[in-house]
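The sequence lines fix the lettering, A, B, ..., with proteins before strands; numbering per chain opens at 1.
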2 protein chains.
Amino acid sequence: MAGRERRSDAVANRDRIVEAARAELSESNGAVDDLKLHKVAKAAGVGQGTLYRHFPTREHLLAEVYRHELAQLVDAVAPLLAEHPPLRALSCWMRRLVEYARVKRGVMAAIEASAWRDVHSEQHHRLDEALGTLLDQGKAAGQVRQEVDATDVVLLLGALTRLPESEWDARAPTIVTIIVDGLRPR
Amino acid sequence: MAGRERRSDAVANRDRIVEAARAELSESNGAVDDLKLHKVAKAAGVGQGTLYRHFPTREHLLAEVYRHELAQLVDAVAPLLAEHPPLRALSCWMRRLVEYARVKRGVMAAIEASAWRDVHSEQHHRLDEALGTLLDQGKAAGQVRQEVDATDVVLLLGALTRLPESEWDARAPTIVTIIVDGLRPR
DNA sequence: ACCTGAACACCGTTCAAGT
DNA sequence: ACCTGAACACCGTTCAAGT
């Protein structure tokens, strides 16, 4: 898909689909399950087959919708790691994540999808890699137990996905703290 | 619904529905989302309206299916607490949970539902209460940080729900350890 | 009081026809 | 090469008719 030239109408349609999905998501304030592909296609002014052609699964669409958000989060890792000890960097990163997801809840669902789904978007690889480095350096510094990997952390962060809007401020920080402290070796 | 007398056919139907659901779940080896209410009604030999009458939502049905399992788990708390310090008791209990859910995966989904859903089954209350006591005693003993409650723990345990069969043995123990250690104050 | 099952609603997915 | 949108499949939910 690198050198492939797309027809301009295809590109435009793709963009409109993503934009429509974004709009739809912000209306339902980020509740990923409320995103109806039917409605997205209609809102984008394209046939449903077109949506399906560009995004074979709902996850693929979501991955695209949150590509920028995920990229920003991933890019934040390296600087944090340069300035702080590994576990502290992880802790800061997660706090940033919580702040971010507070207004864009859907980004949590996108992150959770990183765990297994066959979504092999570049961002997911990069997230896995970034978290992996964070953890590896933590292990090397003796701040993180040996058995954990990025998938474990992503799975635990999934708890935030089940958090309703109204409970976010009260619980999200606690949950993150538990995860970070739990990573320490004993 | 306490003193209410039910017609015997209604009772029998209810039982058959639960049994059918159980059978269906063990075929799909506990994947809760694969449970099709349509199929359950058919397998139970009742109309769909009947299923709906007895169990207004899918969660209500699941709560009933796993009532005994949940009860056993809840009942295990008090003895553990009598024999061990609180956090150790919690750790043992979770290990038991992992062992249990290894063969009955659906029980994890039932537990996760305890967090918010409007399922006010007695078992959910009891679980919340049991975990609450565990945590309270842990706090009193200075082994558990003050801010956490049963809901936080249930949410974190939800990570196990997203764990595919094949990854269970490798990851479930790690995840539980992270949660338990993360509960400690620093 | 309880049951049945056709009917409805909703949504994801496909595909023949079109440009 | 890409798009359209009717059609299909699937499932949860309801409700008029029945016992």
Query - Salt bridge present between A/Arg102 and A/Glu99 (N-O < 4.0 angstrom) - result: yes
Requested in this report: Could you walk me through whether A/Leu80 and A/Arg96 pass side-chain contact (heavy atoms from CB on, under 4.5 Å), step by step?
Outcome: CA-CA 11 Å; A/Leu80 284 172; A/Arg96 189 165 305 193; 3.9 Å; yes
Query - Joint cluster assignment, B/Leu87 & B/Val98, ILVMFWY side-chain distance < 4.5 Å - result: yes
**Report entry** Same apolar cluster (I L V M F W Y, side chains within < 4.5 Å links), A/Leu155/B/Trp168
**Finding:** yes
Query - Watson-Crick or G-U pairs under 3.5 Å in DNA chain D, rendered as dot-bracket with [ ] for crossing pairs and | for another strand - result: ||.|||||...|||||.||
**Report entry** Over 12 non-hydrogen atoms of neighbours within 6.0 angstrom of CZ in B/Arg22
**Finding:**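 Check passes, neighbour count above 12.
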Query raised in the report: How about B/Glu129: does its CD atom have over 12 heavy atoms from other parts shown lying under 6.0 Å from it?
Result: no
Requested in this report: Quick one: label A/Arg58 by what it contacts on the DNA or RNA (base, sugar-phosphate, nothing), any heavy atom closer than 4.0 Å.
Outcome: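 Contact class for A/Arg58: sugar-phosphate only.
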Report task. Would you classify B/Leu35 as touching base, sugar-phosphate or nothing, given that sugar-phosphate means primed atoms plus P, OP1 and OP2, and contacts are heavy atoms under 4.0 Å? Result -> sugar-phosphate
Requested in this report: Kindly indicate whether the side chain of B/Gln48 and the base of D/dT13 share any N or O donor-acceptor pair separated by less than 3.5 Å?
Outcome: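 Such a pair exists between side chain and base.
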Query raised in the report: Side chain of A/Tyr52: nearest nucleotide among C/dT13, C/dT4, D/dC2?
Result: C/dT13
Query raised in the report: How do B/His38 and A/Thr50 order along DNA chain D: which one's closest nucleotide is nearer the 5' end?
Result: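 Checking each residue's closest nucleotide, the 5'-ward one belongs to A/Thr50.
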